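Inspection log for the structure reproduced underneath, given as structure tokens.
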Amino acid sequence: MAEPDSWEDMESAPQAAPLSAKPASKFTFNPNAPSFSFNPSAAAFTPTTPSFGSSGGGLPGFAAQNVDAVPPPVAKEPSPVKAAVPEPPAPAPSPPEAVAEDATADKLAELDLGADKDAADSGVVSETEHVESASDIQGESEKAGDLSSAEEHVAADADQSADSANSDRGDHSSEDSPEKQPPPPPEEIDTRPHMNVVFIGHVDAGKSTIGGQILYLSDMVDERTIQKYEREAKEKNRESWYMAYIMDTNEEERAKGKTVEVGRAHFETTKSRFTILDAPGHKNYVPNMISGASQADVGVLVISARKGEFETGFERGGQTREHAQLAKTLGVSKLLVAVNKMDDASVGWAKERFDEIEKKMLPFLKGCGYNVKKDVHFLPISGLLGLNMKDRMDKKFCSWWDGPSLFEALDAVELPPRDPNGPFRMPLIDKFKDMGTVVMGKIESGSVRRGDSLIVMPNKAHVKVVTVYRDNDEVSYAKPGENLRIRLSGVEEEDISSGFVLSSVARPIPVVLEFDAQLQILELLDHKAIFTAGYKAVLHIHSVVEECEIIELLQEIDPKTKKPKKKKVLFVKSGAVVVVKIQVFEAICVEKFEDFPQLGRFTLRDEGKTVAIGKVVKLPTATTVSHE
Ligand code: GTP
Ligand code: MG
């Protein structure tokens with residue numbers, strides 16, 4: 001059993017999550033249905049999506065509703081980087097879970113989520129140009145395979161055990177697989193680091209506006225498109241939302257001015273490549289936010305400085321708190337806190353307001369486990385006006401800020417390197433048919449190149465890598481941390497579901513129906529205040545969303561001494577740390593946290609509330625490849 005101390009390694013991102021269209025694309029999970037489903041309305045991903053390319057002009061003469069003084073147009077330089085392009089189709093939005101109330105910072109503080117083991121990344125995001133029509137996608141996605149029965153998976157596991165009995169899974173410092181080819185010559189590899197950046201924070205803080213502005217400032221959206229959005233937003237009486245429309249692509253989002261599905265887009269600087277994940281702030285869509293954050297390495301926590309808005313987001317039950325906590329649990333260790341709406345009339349770029357927010361936020365973020373000295377940076381911006389975003393702060397608006405702009409701060413984030421030689425692990429977040437089966441996900445371990453032989457777990461389908469796409473480009477090789485689309489041969493699209501993992505053949509990921517985990521219980525539901533055997537919840541682990549049940553409480557850990565308590569434990573309450581046996585109803589792929597943190601950490605949610613965070617400490621030997 002792992003030492004409770006090893007909570008401190010609860011870092012780096014597991015993952016999850018699917019997509020949508022235009023500069024931004026969307027994804028969501030249905031917590032109750034781990035199979036894929038596409039959102040037909042979001043599948044507007046076709047070459048007709050917003051015109052991209054550099055535009056040169058300034059911001060249209062838009063008199064922002066909430067803006068005190070509108071500055072002159074933001075001058076745009078020709079982009080030194082290649083344009084990012086739209087993304088593929090999107091799965092359907094998940095049914096809103098109920099509010100995830102406050103998940104107690106104090107409790108999390110006890111977890112010591114501290115030292116960052118490996119929120120590492122250097123990779124690339126991929127898109128395919130070849131996406132089928134919306135109706136095709138929808139048709140296919142309706143067929144989309146549910147997991148086959150648990151029994152079949154266990155059978156598969158048993159085979160797998162036999163196949164892999166001799167594999168040494170403990171050592172993943174070097175890849176085992178004989179199927180692996182040597183990496184391509186350096187000129188074929190884009191050496192710029194790639195980062196997955198999730199924008200989180202309370203509803204209406206300005207996340208989508210900032211995402212849209214980033215794409216605009218990096219020449220991913222042209223002037224005409226912006227003007228179209230401006231008109232559209234005006235028609236909907238949401239004038240100030242036009243920038244958010246770049247990220248909020250579907251009708252519901254635009255009509256309500258609220259992000260529902262995580263928007264995804266790409267942008268680049270000369271130094272780095274980025275995937276933006278624009279999470280919804282509304283409490284009903286926390287599961288979607290979890291999907292987005294679990295794919296990210298870096299978080300931009302957006303805070304509205306507007307009078308009253310910071311306060312609402314930061315109070316108990318506000319999503320500023322919940323998102324910051326969840327992001328940390330999900331492996332986001334580096335956080336930029338963008339204090340937004342500094343242009344608002346109630347703020348007027350006042351240093352006092354910025355300082356007040358920083359002062360109040362810092363102890364809380366520390367309590368969440370962030371290393372606030374090293375890994376958290378505050379900066380003032382105006383997403384709507386594009387100030388202190390690409391270029392440094394215009395002193396005309398804010399004389400006191402000498403720090404970096406948002407782009408500079410993002411460029412400066414350093415992620416620890418990942419081992420490209422580890423056993424291949426890519427949890428799948430989405431799939432579709434396109435001249436074969438195309439799967440999407442982020443490489444959590446190892447690397448991939450065209451021609452590799454791999455296995456999809458848990459259904460044990462042997463596949464060959466036909467094409468690897470990163471952004472819109474076909475590449476022959478991709479490193480860990482990259483977001484990819486991979487065309488496979490040897491498997492039907494309907495035989496793959498979200499949560500499956502593309503793995504090394506020689507060292508496939510374990511498949512389990514139960515495992516032991518150490519849990520930090522957060523705040524339990526009022527009417528379910530006792531946590532005991534029989535407790536049912538929804539497990540979110542990498543791209544898996546699955547119902548689970550607590551089978552047995554094995555040991556309670558004293559949160560102070562971090563030592564196991566001697567007394568047998570039958571139940572615990574909010575705040576406890578406890579080792580439990582968890583059962584899932586469908587076989588899932590997981591790893592021990594200590595081996596692959598990204599694939600071994602999870603959250604338990606119940607009735608829309610995050611009730612516990614946990615890590616996998618032991619896998620049953622009977623149903624998995626030999627692991628211990
Ligand atoms: P959800 O997706 O619903 O969580 O909201 P969000 O955080 O994406 O906020 P969104 O970008 O949709 O913006 C909400 C409102 O805040 C819109 O009216 C924006 O115009 C406004 N807003 C965003 N950024 C700024 C800013 O920098 N200054 C001002 N004055 N208003 C802003
Ligand atoms: Mg939004």
Side-chain angles (χ1 to χ4, degrees), residues 20 23-24 26 28 59 62-71 74 93 96 100 198-217 226 229-230 232-234 236-250 252-265 276-286 288-289 292-293 299-310 312-313 318-320 322-323 338-350 353-354 379-389 393-394 397-398 406:
S20 124
K26 297 289 187 177
T28 11
L59 269 174
F62 168 73
Q65 213 175 25
N66 303 316
V67 181
D68 201 18
V70 182
V74 176
V198 67
F199 286 76
I200 53 175
H202 197 68
V203 66
D204 280 352
K207 300 175 290 297
S208 304
T209 301
I210 294 169
Q213 185 69 260
I214 286 175
L215 295 186
Y216 178 71
L217 292 173
I226 294 282
Y229 290 160
E230 227 187 321
E232 217 179 293
K234 202 166 179 180
K236 293 188 164 71
N237 278 331
R238 293 203 169 274
E239 278 141 294
S240 68
W241 261 265
Y242 73 104
M243 271 289 167
Y245 277 18
I246 298 169
M247 299 303 298
D248 290 338
T249 53
N250 73 41
E252 182 191 355
E253 293 176 326
R254 290 183 177 179
K256 294 188 179 153
K258 305 256 174 300
T259 304
V260 176
E261 305 163 22
V262 175
R264 176 192 287 234
I276 301 175
L277 302 157
D278 173 31
H282 195 279
K283 60 195 176 184
N284 282 0
Y285 307 120
V286 170
N288 294 352
M289 175 271 169
V300 176
L301 176 60
V302 180
I303 310 261
S304 168
R306 183 181 288 160
K307 191 168 178 211
E309 289 191 355
F310 162 66
T312 314
Q319 269 55 55
T320 303
E322 187 178 26
H323 282 196
V339 180
N340 190 34
K341 307 197 188 180
M342 289 296 293
D343 60 281
D344 185 74
S346 68
V347 185
W349 295 99
R353 180 63 166 163
F354 179 81
L379 65 164
I381 63 166
S382 167
L384 190 60
L385 307 181
L387 291 173
N388 202 35
M389 291 193 49
M393 185 70 86
D394 186 335
F397 296 98
C398 178
L406 183 61

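Remember, it's 1-based here, ligands and their atoms both numbered in the order they're listed. Count residues from 1 along the sequence. Bear in mind that the values here come from a model prediction, so they are computed numbers and not experimental data.
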For the residue pair [X] and [Y], establish whether any side-chain heavy-atom pair is separated by less than 4.5 Å.
{"X": "V203", "Y": "Q319", "value": "no"}
{"X": "E261", "Y": "E253", "value": "yes"}
{"X": "V339", "Y": "V347", "value": "no"}
{"X": "I276", "Y": "M247", "value": "yes"}
{"X": "W349", "Y": "S382", "value": "yes"}

Assess S208: does it contribute an N, O or S atom lying under 2.8 Å from the Mg ion (ligand 2)?
-> yes

Would you check if the Mg ion (ligand 2) lies under 2.8 Å from any N, O or S atom of T259?
->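 Checking the Mg ion (ligand 2) against T259, an N, O or S atom does fall under 2.8 Å.
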
Taking both backbone and side-chain atoms of [X], is any N or O found less than 3.5 Å from an N or O belonging to ligand 1?
{"X": "N340", "answer": "yes"}
{"X": "D248", "answer": "no"}
{"X": "V203", "answer": "no"}
{"X": "G281", "answer": "yes"}
{"X": "A205", "answer": "yes"}
{"X": "K258", "answer": "no"}
{"X": "P280", "answer": "no"}

Which atoms from ligand 1 have a heavy atom of T209 less than 4.0 Å away?
-> 10 (P), 11 (O), 13 (O), 19 (C), 23 (C), 24 (N)

For ligand 1, which atoms, with element, lie under 4.0 Å from some heavy atom of S240?
->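 Counting atoms of ligand 1 from 1, those under 4.0 Å from S240 are 17 (C), 18 (O), 19 (C), 20 (O).
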
Hey, is R306 one of the residues with a heavy atom under 4.0 angstrom from ligand 1?
-> yes

Steps toward side chain to side chain contact (heavy atoms under 4.5 Å, CB included) verdict (L406, I210) = CA-CA 10 Å; L406 183 61; I210 294 169; 4.0 Å; yes

Select the closest option to atom 30 (N) of ligand 1 among D343, V302, T259, I381, judged by heavy-atom distance.
-> D343

Closest to atom 15 (C) of ligand 1 (heavy atoms only, candidates Y242, Y245, W241) is W241

Closest non-hydrogen atom pair, D204 against G257 |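 Nearest pair, atom of D204 first, then G257: OD1-O, 3.7 Å.
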
Are the side chain of E239 and the backbone of K234 linked by a donor-acceptor contact shorter than 3.5 Å?
->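 No; judged by distance alone, with no hydrogens or angles, the pair does not exist.
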
Indicate, as side chain, backbone, both or neither, the part of R238 found under 4.0 angstrom from ligand 1 when only non-hydrogen atoms are considered.
->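 The answer is neither; R238 stays 4.0 Å or more away.
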
Answer yes or no for R254 and Y229: cation-pi contact, defined as NZ/CZ to six-membered ring centre under 6.0 Å and angle to ring axis within 45°.
->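 So R254 does make the cation-pi contact.
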
K258 bridged to D248 by N-O distance under 4.0 Å |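 A salt bridge is absent here (no side-chain N lies under 4.0 Å from a carboxylate O).
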
